[in-house]
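Both counts, for ligands and for their atoms, begin at 1 and track the order of listing. What's counted below: heavy atoms across the whole structure, side chains too, no hydrogens, waters or symmetry copies.
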Amino acid sequence: MEPASPAPPTTVRRNTPRRARPPATPKPSSLARLLDDQAEDAPPASVPPPPPSHEERLNVFLRIRPMPDRDRGKAPTRSIPAKDPRRKPRQAPAGPGAGDPCLVPTGPNSVALTVPHSRLVDPKRGRTEVFDGFSAVFSPGSTQHDIFARVMNPLLDDFLGGKSALLVAMGPTGSGKTHTIFGSPRNPGILPLALRQIFNAPHGNNAATKPARSFSLSMFEILSEGKGERILDLLSDAVECILQQSAIKGLQEVPISNFADAESLVSRGMLKRSTAATNANSKSSRSQCIITIHHPSSSAVLTIADLAGAERERKTGNAGSRLLESNFINNTSMVFGLCLRSLHEHQKNQKKPLEKHFKNSMLTRYLRDYLEGRKKMTLILTVKSADDDYLDTSFLLRQASPYMKIKYTSLEDSSDLVSQKRSNASLICQENKKKRKVEKPEVLVVERKENIDTDNTAKVSAKDVAHHKFLNSELQRVSRSEAIMTNFARAFWTVLKQYKQKLLESENAAGSMKELIRDQDIQIMELKKELEVLNSRCSREKVTVTEDASVNQDDSVLSGQGGGNMISLSNKHKGSYGASVDNFHEVSKEFTCDGPENSSTPFSLKGECVSCDTSSISFIAEQELSSSGLKVFCAPRMSKMFGISHINLQ
Ligand SMILES: Nc1ncnc2c1ncn2[C@@H]1O[C@H](COP(=O)(O)OP(=O)(O)OP(=O)(O)O)[C@@H](O)[C@H]1O
């Protein structure tokens, strides 16, 4: 049985060719014929002819990067399960284009993008999209000189003629943006080629006799910092700059008067640019790099921007801070795209406002004039054509399709005026605000009143009078509320002052209280020390007195007195003898005189001694005991110890 023939591939056309296409005349040059051939066989280097155009549109160029050797001829392999499990699985037949690039030029201004086999739901039904309308498509074999001649030369002409121009390289990571702009020492990109051209080009009619004029060059990068962005000057030692409106404060502009100086300056700047290795590119740019060349005798600026390439997390294998960078890069690309899309939508339908997407990233704020169509911009898209790159390539081509329809209607001189006006207006606004802050409201009110009074004297129409009355009443209302606010502020101020005074007083009181407490603490400490000293002395005395007590007993026995009448002294409190003894309460050490337990007149004498001034003890003891009808007797040792002549108890 004959195998069923595969269904024809579907072809979708995007961006039909521009209306301003050249008339269908025989191909004028062999170069054009070569281009057509190239569309079929992808031959090497080609320079597509510039399409003549009646209206100025945004130029979008497409450069296809040559496939690295490892990707070339890499056929996707898909195994089809065999019906008989014992048989080996069959290899899927490689369909047309398997292992071939997914993107091929189909004409000087168009490319065809074919869905790779590995991504087809039905492998028999291929799908191809044709993207048309590019200013030129550069095949993988194109050289840097081809790109320069077609892309950069017109911009240089504009710039040297006194018009500002911008070239932006955008595309997925590793697609060749940096290669296209900067190139390498052996294979210089369009920036070095442009610098060479600038310094070789004659300036004016009598250029041969004049010394070369000095241009100036600045180079900076915008990179992510956490969730924010910052600008670093690449020509000085990583000085951080500030973006104000569309101007960069603190950015160095280095004068260049010859190609060698300019080239070495750019090389030094490139060394400082943030790069890192990712799975997709061993030297991937992590920032948006912008180079500006200022014309010496006009305000024209040639700006070249090498954007960091959009990245897919799965492909780059980025994580951590790299992933944050990746988000920043993708976000900037998205904002850039949104600005252009909004410009296109606005041009299509004037009722649609020009959205202010530019505010969302530093790059777009800096390039605002270009993104709002006031200055001319050129885009060069770089893409890779391997099967693996299908998604990135498809995304970029779809995204950029509408950009090709952006028109330039009011360019350059007026644009300079607009931006000048804008910055002037904002300056005036700021000045006025400052002035208003400085001027006192009362003075303003008085001035206005005076003006109105003067106006009243003039002959004015009824309408003016009504308006005048309205203004007057408004003025009065404003003056009233102003007076209220002023009074309120004054009262508030007075209350605040009172509170401040009270606070100060409280602080002083607290301070003196603290001092008092400190003094008290010192006193307590001193007293404690004294107490300790007394304690230690009295404990020594106790031992001695106990000894004496035994001796006294002996003495009393010897002298024929009842041993039961002896008193014993101890420094331990045992009870209160009487009110008189309380006289001693202020002293620090206590003693107790107890009558013997077997005494018929038991008593106890409690006292306290200061510095063991025993003479006072003896005196008081004598007094008190005598008044109680007791006589005081003092044993010789006791008397000696206390300095008492007699303590007798009878
Ligand atoms: N047209 C080309 N011809 C030869 N080599 C190329 C071409 N384009 C790119 N390359 C090489 O591919 C590699 C990646 O290119 P490049 O760094 O310019 O990519 P990129 O788009 O700037 O990537 P990223 O956005 O990650 O910085 C480099 O080694 C570069 O030399």
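The aromatic rings of F159 and H295 sit perpendicular to each other, their planes meeting at more than 60°, with 30° as the lower class boundary.
For D306, no nitrogen or oxygen atom sits less than 3.5 Å from a nitrogen or oxygen atom of ligand 1, counting backbone and side chain alike. Some N or O of G174 is nearer than 3.5 Å to an N or O of ligand 1, by distance alone.
Taking every heavy atom of both residues into account, M362 and E229 meet most closely at N-OE1, 3.2 Å.
T364 and R368 form no side-chain donor-acceptor contact under 3.5 Å, judged by distance and modelled atom types alone. Between S342 and E355, the side chains place no donor N or O within less than 3.5 Å of an acceptor N or O (distance only, hydrogens not considered).
A salt bridge (Lys or Arg N to Asp or Glu O under 4.0 Å) with E56 holds for exactly one of K376, K407, K375; it is K376.
Within ligand 1, counting atoms from 1 as listed, the ones closer than 4.0 Å to a heavy atom of P172 are 21 (O). Close approach of ligand 1 to P66 (heavy-atom distance below 4.0 Å) involves ligand atoms 1 (N), 2 (C), 3 (N).
Nearest to atom 2 (C) of ligand 1 by heavy atom, out of K384, H179, Q144, is H179. In this structure, of G189, G176, S184, the residue bringing a heavy atom nearest to atom 15 (O) of ligand 1 is G176. When the heavy-atom distances from atom 13 (C) of ligand 1 to R63, K177, R65 are ranked, the shortest goes to R65.
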- Please lay out, stage by stage, how D233 and S236 fare under the test side chain to side chain donor-acceptor pair (under 3.5 Å). CA-CA 6 Å; D233 188 346; S236 55; 3.2 Å; yes
